[in-house]
Amino acid sequence: MNLIFLGPPGAGKGTQAQRICWEYSITQLSTGDLLRAHISKGTNLGKEAESFINAGNLVPDELIIALIKEELLLPQYKNGYLLDGFPRTVPQAIALDKLLDELKQSIDLVLVLEVPDEDIVERLTARRTCPTCGKVYHLVFNPPLSEGKCDLDGSDLFLRKDDNEETVTKRLKVYKEQTMPIIKYYQEKNLVQSINGVGRLEQIYKNIKSILKSFIKEK
Ligand code: AMP
């Protein structure tokens, strides 16, 4: 099963993606996580991408497409994957289609997690992430058991540099202008299922599961 997960920054894609991937034995491919790994390793790609990310802008399409082309060939994606944070522009969606044709693969479903603007800033500025395993927390709604430490590996949680109010507002604008048009692109291919991303994490996950169950049954 190959999925795309869309939704504004802070919709909760990362958190839900981890659970979906665990339960359905598919691999999460987050371009944001890959780029952050490049930045912390100090690679050329990391150096090029950093200023775009910190300003809340998108990294240029050609860099992202090259990254995905290399990544999707790795064996861990053989049994299915969930694309989290990619594609983010129409040219990226078109490049993905071309790549999938070459690989004789296709996308089964595009899940869109919907959250109103007013919730986004509050959610992201209260978000904390584990640098080791990537687990995401919310200081109020999904806090770690011990303050500032990851429940799974005890690492010190951090606030992403791009999770401040000014950058979040910019990222939201970029999402609307550059990423939302790809929802229409996939609607025309009849692949889109929307989910309300407001409410308890458990309930949102249940709704996602029922969509995935009926998709698997129909197959
Ligand atoms: P995320 O972790 O998905 O919120 O991504 C963090 C930042 O990484 C974004 O604000 C972009 O600057 C960059 N980024 C991640 N994925 C992409 C993509 N598919 N295209 C362009 N930029 C991206």
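First listed ligand is number 1; within each ligand, the first listed atom is number 1.
- For K135 and D151, the salt-bridge test fails: no basic side-chain N is under 4.0 Å from an acidic carboxylate O.
- Figure legend: K209 and Y205 shown without cation-pi pairing, the cationic atom not lying both under 6.0 angstrom from the six-membered ring centre and within 45 degrees of its axis.
- Sorted by chain and number, the heavy-atom contacts of ligand 1 below 4.0 Å come from T31, G32, L35, R36, I53, N57, L58, V59, I64, G85, F86, R88, Q92, R160, D162, R171.
- In this structure, CG in L113 is found 10.0 Å from CG in N207, a value given to the nearest 0.5 Å.
- Once rounded to the nearest 0.5 Å, the distance linking CZ of F5 with SG of C21 reads 9.5 Å.
- A salt bridge links D33 with R36: the distance from a Lys NZ or Arg NE/NH1/NH2 to an Asp or Glu carboxylate oxygen falls below 4.0 Å.
- Residue pairs satisfying the salt bridge (charged side-chain N to carboxylate O under 4.0 Å, His left out) criterion with at least one member in residues 115-124, sequence neighbours excluded, are listed as follows: D117-K176.
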